[in-house]
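Single-structure report; data block below.
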Amino acid sequence: MFKRQGGGRRAVVLAAADPASPYGAALPWPQHPGELGHKPGRKAGSLVVLVDGHLVLYVERGGKTLLSFADDDRLQPAVDALALSVRDGALGKLTVERADGTSIVESPLAAALEAAGFHPTPRGLRLRA
């Protein structure tokens with residue numbers, strides 16, 4: 001699914017194992033700036049969100065955990081594309097509990113998720129179709 005953003009940004013949400021996703025196949029996964037207990041991979045049920053071809057978000061299977069690989073002007077288009085995938089029914093509901101190794105409520109990603117329509121719950125930030 002593609003979504004054109006302001007400034008001509010193009011965001012796409014793909015299964016991490018999709019042949020159209022180059023990461024983990026043709027390209028190595030980028031290094032995450034923080035120390036994390038888990039790493040991205042071409043795993044069933046995981047998603048990647050690319051903006052203009054750059055990996056911005058990795059969504060672990062089940063959607064409870066996000067890894068971010070950008071904190072610039074690509075972050076909001078990536079989160080918006082993820083939210084659009086949920087609203088279009090491609091993902092059902094999505095509840096994000098952790099981002100980049102920390103609770104989502106303590107993460108800088110929380111503001112971007114809330115701007116895209118995610119709502120606070122006791123478990124994290126949720127968006128339903």
Side-chain angles (χ1 to χ4, degrees):
M1 162 183 308
F2 292 96
K3 182 179 181 188
R4 182 85 46 195
Q5 296 292 324
R9 294 284 185 195
R10 186 170 160 187
V12 61
V13 178
L14 297 170
D18 190 310
S21 174
Y23 293 96
L27 296 174
W29 293 100
Q31 290 292 323
H32 193 276
E35 292 290 324
L36 303 173
H38 46 79
K39 296 181 181 183
R42 294 180 70 86
K43 302 171 190 168
S46 297
L47 303 170
V48 293
V49 184
L50 309 175
V51 176
D52 296 335
H54 298 276
L55 178 64
V56 177
L57 293 175
Y58 177 81
V59 184
E60 289 196 340
R61 185 168 116 181
K64 293 180 181 180
T65 303
L66 296 179
L67 296 177
S68 65
F69 294 91
D71 59 0
D72 56 16
D73 61 343
R74 293 176 288 184
L75 185 59
Q76 194 64 55
V79 171
D80 291 344
L82 183 62
L84 181 62
S85 292
V86 173
R87 283 191 201 98
D88 285 349
L91 303 178
K93 72 176 181 181
L94 186 64
T95 303
V96 179
E97 297 177 8
R98 301 187 63 74
D100 300 323
T102 187
S103 168
I104 189 60
V105 296
E106 299 169 3
S107 169
L109 279 174
L113 289 166
E114 288 184 33
F118 283 75
H119 301 285
T121 70
R123 291 188 165 221
L125 295 174
R126 176 181 297 153
L127 185 64
R128 295 179 191 256

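Between the side chain of Thr102 and the backbone N or O of Arg98 there is no donor-acceptor pair closer than 3.5 Å. At distances below 3.5 Å, at least one donor-acceptor pair connects side-chain atoms of Arg42 with backbone N or O atoms of Tyr23.
Considering every non-hydrogen atom in both Ala11 and Ala81, the closest pair reads CB-CB, 3.6 Å. The minimum heavy-atom distance between Val79 and Ala112, with the atom names listed, is CG1-O, 3.4 Å. Shown here for Leu75 and Ala70, the closest heavy-atom pair between the two residues is CD1-O, 3.8 Å. Across all non-hydrogen atoms, the minimal contact from Ala15 to Ser21 is O-CB, 4.0 Å. Scanning all heavy atoms of the two residues, the minimum distance from Gly62 to Leu94 falls at O-CD1, 4.3 Å. When all heavy atoms of Ala116 and Ala83 are compared, the closest pair comes out as O-CB, 3.6 Å.
Annotation: side chain of Val49 is not in contact with side chain of Val12 (no heavy-atom distance under 4.5 Å). Between Leu14 and Leu47, every side-chain heavy-atom pair lies at or beyond the 4.5 Å cut-off. Residues Leu91 and Val59 form no side-chain contact, since every pair of their non-hydrogen atoms from C-beta on lies 4.5 Å or further apart. Side-chain contact between His54 and Arg74 is present, with at least one heavy-atom pair separated by less than 4.5 Å. At least one side-chain heavy atom of Glu97 sits under 4.5 Å from a side-chain heavy atom of Arg123. Side-chain contact check for Leu127 versus Leu113: every heavy-atom pair is 4.5 Å or farther apart. No side-chain heavy atom of Leu125 sits under 4.5 Å from any side-chain heavy atom of Thr95.
Aromatic ring centroids of Phe69 and Trp29 lie 6.0 Å or more apart.
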(message) Set out, in order, the CA-CA distance, both residues' side-chain angles and the distance that settles side chain to side chain contact (heavy atoms under 4.5 Å, CB included) for Phe118 and Arg128, then state yes or no.
(response) CA-CA 8 Å; Phe118 283 75; Arg128 295 179 191 256; over 6 Å; no
(request) Start with the C-alpha gap between Asp100 and Leu67, add the side-chain angles, then the distance that decides, and say whether side chain to side chain contact (heavy atoms under 4.5 Å, CB included) holds. (result) CA-CA 5 Å; Asp100 300 323; Leu67 296 177; 4.2 Å; yes
(message) Please evaluate residues Arg10 and Leu50 with respect to the criterion side chain to side chain contact (heavy atoms under 4.5 Å, CB included), reporting the C-alpha separation (whole Å), side-chain torsions for both, the decisive distance (0.1 Å), and the verdict.
(response) CA-CA 8 Å; Arg10 186 170 160 187; Leu50 309 175; over 6 Å; no
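Between Arg9 and Asp73, at least one side-chain N (NZ, or NE/NH1/NH2) sits under 4.0 Å from a carboxylate O, which counts as a salt bridge.
Once rounded to the nearest 0.5 Å, the distance linking CD1 of Ile104 with CD of Glu114 reads 9.0 Å.
Shown here is Asp18, whose CG atom has more than 12 heavy atoms of other residues, nucleotides or ligands within 6.0 Å.
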